[in-house]
Amino acid sequence: MTIYALVDGNSFYASCQIAFQPGLVNRPVVVLSNNDGCIVAANQIAKNLDLQHIKTNSMGSGGYHAATPDSMMFQPFFKVAPLLKRYNTAVFSSNYELYADMSQRMHAISAQFATRQEIYSIDESFLDFTGMPKESLHSHALALKKRIAQWIGIPVAVGIGHSKTQAKLANHLAKTNADGVLDLTQMPESALDALYKKVKVGKVWGIGKRLSEQLINQEIKTVYDLKSANSKTLRKRFSVNVERIALELNGQACFDFHEKPDNKQNIVSSRSFGQNVLDFTTMREAVSSYTATAAAKLRKQQSTCQALTVFINTPRYQTHLAQYQNQYTLPLIYPTDSTILLTKIALRALQHIWYEGYEYQKAGVMLTNIQTKTNLQPDLFAPNPQYSGNPKSDNLMKALDNINQKMGKNTLQLASSGLQKNRWQMNRNLMSKRYTTRWEELLKAYAG
DNA sequence: TCTGGGGTCCTAGGACCC
DNA sequence: TCTGGGGTCCTAGGACCC
């Protein structure tokens, strides 16, 4: 029987900031989303701040994240700014370069503690603990936790179970455990049931707000209720996925390990603008720039795409402004990974949906119909049947990627991306140094 | 003044075919 | 003078995740 462990960095982004400014450890710390828009990470002290007066209407019903009463998360920054200030909170703009580098280090350490690892997100990985002596699982996890703390200064929690869902749940519960580790595999059935009875069904991985409401309507209120529900009924009333989740809670693994990350089936690059965009020239630059980012991601996974979508919209929360949103998809005759070609297509798609007179807040580019380059299916009936990649373009793109990787993003770019990005680029007014990836931003220590 | 970005999977429904 | 039933493929939208 496979044993799964889930390692998860506590308030990961906030912990990354604290790791380099240990003086913050006793202060509330929050990290903002792109554009300094809302809060995406908060340490426990910040989470404990009194949110009474800001609980209402956090992101509106159309938001990605419903506000949960206990959470500072996803509150618009401007709404909580006065409260944060009152409590002397350290506020940071997102510093993705720093978090990505710290993430790699954390995952590398975790990998040393298991035969297999699945990197699930920037701050989480599943580990395979199968075959380890049962009584030592807990101490093994503690050793892992200790090493990550010592080597990179990030606190983690570890959950252990017979399925991914159990490991996720154990991890969630471990966060409030004294030592930050919880092993469900060593728990007798009765103890497990007693524990499950105390946890709300919405805490289960894969049960979001909507499903949780629907389950509660059917008298399935706790993890125990879900675990003991009839699995065929669950499939009929909800979905095959809910059925699987229930089985997983029973210790029957339905979701496999994925050691190698799958190639993306869709690649999106989109951003909110630092300030609303009114003119086509500026919008062209933004769309060109997002296309370049998406195309670089595409080449990184050695794929091509055969369709591209551009979307633009006005700010939905600024209700006094005229609202408009639209998207347009263009198929390509040949699969490609060329920034030059994709940019042409993207700008053509933009022409289709652009209307003068609106204040635009966001734009994005999505690449779809993605295929890996190695199993490209050339279209025999296309006018140019021998096409299966274009060596000249491939070399050019390779050179572009190499230079940008070595010298920094946007060292080399198309003229259509523009040089005055400050007209639309996001605000990050509170960014810390990139301690681990830039020589000139290294931490300095003074002796004497 | 100020509300993120990037993914996956599933399902329902329409178009089309026999 | 009758308006079935089954199948596939595609797309849009919903729900979930971090």
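Lettering follows sequence order; numbering is per chain, from 1.
Across all strands shown, A:L32 has no heavy atoms under 4.0 Å from either base or sugar-phosphate atoms. Counting any heavy atom pair closer than 4.0 Å across all strands shown, A:N35 reaches no nucleic acid atom. Note on A:V204: only backbone sugar-phosphate atoms sit closer than 4.0 angstrom, heavy atoms only; bases stay farther off.
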So which protein nitrogen or oxygen atoms get under 3.5 Å of nucleotides 7-15 of chain C's nitrogens or oxygens?
{"from": "C:dA15", "atom 1": "OP1", "to": "A:R210", "atom 2": "NH1", "distance (Å)": "3.2"}
{"from": "C:dA15", "atom 1": "OP2", "to": "A:R210", "atom 2": "NH1", "distance (Å)": "2.8"}

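The separation between A:Y99 atom OH and C:dC18 atom P is 19 Å, rounded to whole Å. A:E124 has its CD atom 7 Å from the C1' atom of C:dC18, to the nearest Å. Atom NE2 in A:H172 sits about 15 Å away from atom C1' in C:dC17, given to the nearest Å. Spacing between atom CD of A:Q361 and atom C1' of B:dT1 amounts to 13 Å, rounded to whole angstrom units. Per the geometry, CZ belonging to A:F74 stands 11 Å off C1' belonging to C:dC17, to the nearest Å. One interatomic measurement links the two molecules: CG of A:N263 to C1' of B:dG6, which rounds to 16 Å at whole-angstrom precision. Between A:D123 atom CG and C:dC17 atom P the separation is 15 Å, expressed in whole Å. Here the C1' atom of nucleotide B:dC2 and the CG atom of A:L430 are 12 Å apart, to the nearest Å.
Contact annotation: A:Q318 reaches the phosphate of B:dC2 (side-chain N/O to OP1 or OP2, under 4.0 Å). Put simply, A:K168 has a side-chain N or O that comes within less than 4.0 Å of OP1 or OP2 on C:dC18.
Nearest to the side-chain atoms of A:W205 among the listed nucleotides C:dC18, B:dG4, B:dT3 stands C:dC18.
A salt bridge does not link A:R428 with A:D36: none of the charged nitrogens is closer than 4.0 Å to a carboxylate oxygen. A:K164 and A:E118 are joined by a salt bridge, as a carboxylate oxygen and a charged side-chain nitrogen come within less than 4.0 angstrom of each other. Taking a cutoff of 4.0 Å between a charged side-chain nitrogen and a carboxylate oxygen, A:D8 and A:K175 qualify as a salt bridge. Salt-bridge check for A:E219 with A:K221: passed, with a basic side-chain N closer than 4.0 Å to an acidic carboxylate O.
Ring-centre distance between A:Y328 and A:F311: not below the 6.0 Å cut-off. Ring-centre distance between A:W424 and A:Y290: below the 6.0 Å cut-off.
Contacts with DNA chain C (heavy atom under 4.0 Å) in residues 264-274 of chain A: none are found.
A:T165 pairs with exactly one of A:Q252, A:E248, A:R244 by the side-chain hydrogen bond (donor to acceptor under 3.5 Å, both in side chains) rule, that one being A:E248.
Residue A:K433 qualifies as open at atom NZ: its count of foreign heavy atoms under 6.0 Å is 12 or below.
Residues passing the side-chain contact (heavy atoms from CB on, under 4.5 Å) test with A:K398 are A:N402, sequence neighbours excluded. Take A:Y120 and apply the ring pair (Phe, Tyr, Trp, His ring centres under 6.0 Å) test, not counting sequence neighbours, and it matches A:F126, A:W205. Every residue two or more places apart in sequence or in another chain was checked for a salt bridge (charged side-chain N to carboxylate O under 4.0 Å, His left out) with A:E356, and none qualifies.
Remark: the separation of the C1' atoms in B:dC16 and C:dG4 is 16 Å, to the nearest Å.
Helical stems in DNA chain B, defined as runs of 3 or more consecutive Watson-Crick or G-U wobble pairs with both donor-acceptor distances under 3.5 Å, are listed by first residue as B:5-18 with C:5-18.
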